[in-house]
Amino acid sequence: MQRRLPVCKDGISLDYLSRSSCYLFRCYSVSCTRNLGYGNHEITREIDVEGLFRACTKSEDVKHLHALLTVSGKAKSSFVATRLINMHSYFGNVSLSRYTFDQVLDKDSYTWNSMISAYVRNRQSSKAVKCAFEMLSRTDVRPDFHTFPPVLKACSALIDGTSLHCCILKSGLEWDVFVASSLVHMYCRFGFADRAYTIFKDMPFRDTGCWNSMISGFFQNDNAKEALRILDDMILEGVKMDSVTVATMLSVCAQLNDLLRGMLIHLFVIKHGLEFNVFVSNALINMYAKFGELKCVPNVFDHMHVRDIVSWNSIIAAYEQNNNPYVAIKFFHRMQVNKVQPDLLTLVSLSSCVAQMKDPLWVKSVHGFITRKCWITEDIVIGNGVIDMYAKLGITDSAQKVFERLPHKDVISWNTMITGYAQNGLAAAAVEVYNCMKENKDLKPNQGTQVAILPAYAHLGALRDGMKVHSQVLKENLELDVFVSTCLVDLYGKCGRLSEAISLFYQVSRETSVPWNTIISCHGLHGLGETSLKFFEEMLNEGVKPDHVTFLSLLNACSHSGLVDQGKWCFQVMQQEYEIMPTLKHYGCMVDMFGRAGLLETAYNFIESMPMKPDASVWGALLGACRIHGNVEMGRKASSHLFELDSQDAGHYVLLSNLYANFGRWEGVNEVRSLARDRGLWKTPGWSSIELNNKIEVFYSGNQSHPQYEKILEELGKINAKIKSLGYTPDTSFVLQDVEVDEKENILAHHSERLAIVFGILNTPPKTCIRIYKNLRSELKISIDIIICSRRKEVPDISSVRGMHVQGLAYFGAVS
DNA sequence: CTAGGGTTAG
């Protein structure tokens, strides 16, 4: 273990200072040791021992010396023993320190203080505190100025600190600057900045260290403003900032969003020659990174004389947090070239880089490295990082495994897992995790939890559950939080409660594009493209800059409302006025828009003119359009491109098969189906769900396992008969199996959504709103039943259909 | 001989 030497005020390790003198001492000690070992000389003068100790550079040196001193009977003297205790502790051998300590018969305060410091130095806080209380209970030694600062540092609980405070008052040591500053620091550590401040302001003399304690104390307790005020007082009293003050203040500026002050401090740093202090440079890197000022970061980093692990971690994190994972990785490589061992925090940043790069090879090596170091059990932050990494790459089962094996899960672990599922479209799994989380009484869901679960509820259309979260939000006064509110706008919007969404929207701070994108997107979703465009206009009037998501939402809106010209306009404005390069997703939207409008040729030419290689989603959009408009030839073209891309999406095969089936070309159907089977793809089953009595009931077509299945079937038969008598003729062209017309009707009649509606009718009183959700609703790709087909388009207010039974019936038969 | 205050995180 390396000798931990104290660090002097300017951050230069004493190691450097002592290195030159070390050689001299070593020569001296060699002669002394010879004398001791071979010449039978006794060490008589204390200065001899002193020199010997200073010459020790290895743990073995101390042990060797210890042995020699034991032989000569010196090891039990309190003076020599005290030095031995210190030396052993520098090399991490606390047990040897303790052994030496126990051998001493006449322990003085030096001996006790050294033993306490030995524990503190080696992070054995509870033993340090125990040792201190043992000392305090004795009558033969008195604590002095040196006793309390280290013990106060070691306190792990406020109770210890308070009783130590009483002892300090009894000994009359409370006016010592060191002791008082340690008290200030201790109270701040346990979150009692105010109590610390009362001690601080009554101190008759305050040195820089003491001011620093108070400033960092407020900062650590999330009171950066107060920290700034203390700094002003400090300057007013004529105390000069030192490197410690500067390092702390740079973090304060970052938290207060005060870039200007941070840069002024940087000037101060240069003027006073503090820029070569490691702490200061590290703090500068962190501050500039927080402000996204990456230009300044390499400057600071390259000018550093000494770089420690924090410097490397800081620069890696700087690029990682500013969405520059590749540069971050480059610094990680440079770190390895410089033979600096990565630590836990390096890996936290690294896993986030991997999550951004979505590189499956890195995932394994990063996780493997962390596992070999056993860091997952050591720190919750890294466990959460690994979960997030897997989730961002869409490997949710690995994420789940890591999550389950975490020895201790905090709120962020749960939030990460919920977000992981939700963002991979596995909303039901997200809800399941959330429900488990709620069972754990020790956990308090926070803002992050709400932001995680609300999109999942919105995805499932679980309005009631979402509203429960909303009430929770109101209870906790979080309604003004932009993130939560935007999620709520999204929830109400997706569930068709557009007026609620709008009124919420106007309560949110609308400075960024995110809330705008949400409100534009949910209107587009319900076929209200004109309204979406109006919101876009309003957005521009309020001076908010649209981003690529804004245009994606707009194009989607135009596509769903058949607003081809407006869509073309958006696509143009995006590139010319806002210099946003269209991505594959934008192209996909355009193709979808042309396709839905029946402009299949335009869509095809548009694809041909793309500057990049179209991916499966683009061809898929065209194929979907061919399915709607019954264009087999174009459909064949689109699908030949699609299957070339080796699409893993079963939906595309289904689409083509449906297209063939529509025209009765069953040989085509069989061909596509066997192709899909060969590639190991299986159709995602469609399901419909309904929320009843806080429970979500899911129905699959032909699924007979529901407890009320018989009843539903009976009622469904009655309703089907009734609507037929009202003049409804089933459009069997939507049934894509090669079966007799009777059977087709039967399949249609037992579609999952019908089962869900009947279940709703059976289990709710009249005039209750019945709201059904389908997993495949927004896609064109799956066989579509009359009811569901473009419920967003033709029946935009479907989700607010007041399901009176009669109206329900009308709805049942009305859409074709 | 022994002491306090500082920088990085999902």
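A note on names: the letters A, B, ... follow the listed sequences, proteins ahead of strands, and every chain is numbered from 1.
- Applying the 3.5 Å distance criterion, the base of B:dG6 shares a donor-acceptor pair with the side chain of A:N277.
- When each of A:M249, A:M241, A:M263 is paired with A:F268, the side-chain contact (heavy atoms from CB on, under 4.5 Å) condition holds for A:M241 and for no other.
- Taking every side-chain heavy atom of A:N86 into account, B:dT2 is the closest of B:dT2, B:dG4, B:dT7.
- Remark: A:Y110, A:N113 in residues 105-116 of chain A come within less than 4.0 Å of DNA chain B through at least one heavy atom.
- Looking at heavy-atom distances under 4.0 Å, A:N313 makes contact with a base.
- Aromatic ring pairs are classed by plane angle as parallel below 30°, tilted from 30° to 60° and perpendicular above 60°; the pair A:H88 and A:H66 is tilted.
- In this structure, the CD atom of A:Q220 is 17 Å from the P atom of B:dG4, given to the nearest Å.
- Heavy atoms of A:T346 sit nowhere under 4.0 angstrom from any nucleic acid atom.
- Looking at heavy-atom distances under 4.0 Å, A:I380 makes contact with a base.
- Counting heavy atoms from C-beta on, the side chains of A:S413 and A:I380 come closer than 4.5 Å.
- Rounded to an integer number of Å, the gap from A:M87 CE to B:dT2 P is 11 Å.
- Side-chain proximity of A:L345 to B:dT7, B:dA9, B:dG4: nearest is B:dA9.
- Between the C1' atom of B:dA9 and the CG atom of A:D379 lies a distance of 8 Å, rounded to the nearest Å.
- In this structure, A:L152 atom CG and B:dG5 atom C1' are separated by 13 Å, rounded to whole Å.
- Listed nucleotides B:dG5, B:dC1, B:dT8 differ in distance to A:T82; the shortest reach to its side chain belongs to B:dC1.
- Closest to the side chain of A:V381, out of B:dA9, B:dG5, B:dG6, is B:dA9.
- Checking B:dA3, B:dG5, B:dG4 against the side-chain heavy atoms of A:D176 singles out B:dA3 as nearest.
- Counting only N and O atoms by type, the side chains of A:H266 and A:Y288 include a donor and acceptor under 3.5 Å apart.
- The base of B:dG4 sits with one of its N or O atoms less than 3.5 Å from a complementary donor or acceptor on the side chain of A:D207.
- When the nucleotides B:dA9, B:dG4, B:dT8 are ranked by their closest atom to the side chain of A:F178, B:dG4 comes out on top.
- In this entry the distance linking CE of A:M186 with P of B:dA3 reads 20 Å, nearest Å.
- Nearest to the side chain of A:V244, among B:dG6, B:dT7, B:dT8, sits B:dG6.
- Note on A:H185: only backbone sugar-phosphate atoms sit closer than 4.0 angstrom, heavy atoms only; bases stay farther off.
- For the pair A:F276/A:V306, no side-chain contact is recorded, criterion being any heavy-atom separation below 4.5 Å from C-beta on.
- A:D242 has its CG atom 14 Å from the C1' atom of B:dT7, to the nearest Å.
- At the phosphate of B:dA3, neither OP1 nor OP2 sits under 4.0 Å from any side-chain N or O atom of A:S181.
- A cation-pi arrangement is absent between A:R334 and A:F331, since the terminal nitrogen or guanidinium carbon is not both under 6.0 Å from the aromatic centre and inside a 45° cone about the axis.
- For residues 100-112 of chain A, the pairs satisfying salt bridge (charged side-chain N to carboxylate O under 4.0 Å, His left out) are A:R98-A:D102, with sequence neighbours left out.
- A straight line from CD1 of A:I215 to C1' of B:dG4 spans 15 Å, rounded to a whole angstrom.
- Rounded to whole Å, the distance from CD on A:E320 to P on B:dT8 is 15 Å.
- Using a 4.0 Å cut-off between a side-chain N of Lys or Arg and a carboxylate O of Asp or Glu, A:K373 and A:E378 do not qualify as a salt bridge.
- Picking from B:dT7, B:dG6, B:dA3 the nucleotide with the shortest atom distance to the side chain of A:P150 gives B:dA3.
- A:D410 comes within contact range of at least one nucleobase, with a heavy-atom separation under 4.0 Å.
- The listed nucleotides are B:dA3, B:dG6, B:dT8; the one nearest the side chain of A:S216 is B:dG6.
- Of the options A:M115, A:K153, A:K127, a side-chain contact (heavy atoms from CB on, under 4.5 Å) to A:V120 is made by A:K153 and by none of the others.
- Judged by distance alone, with hydrogens and angles left aside, A:N212 brings no side-chain donor or acceptor close enough to the base of B:dG4 to form a pair under 3.5 Å.
- Using a 4.0 Å cut-off, some side-chain N or O of A:R121 falls inside it from OP1 or OP2 of B:dA3.
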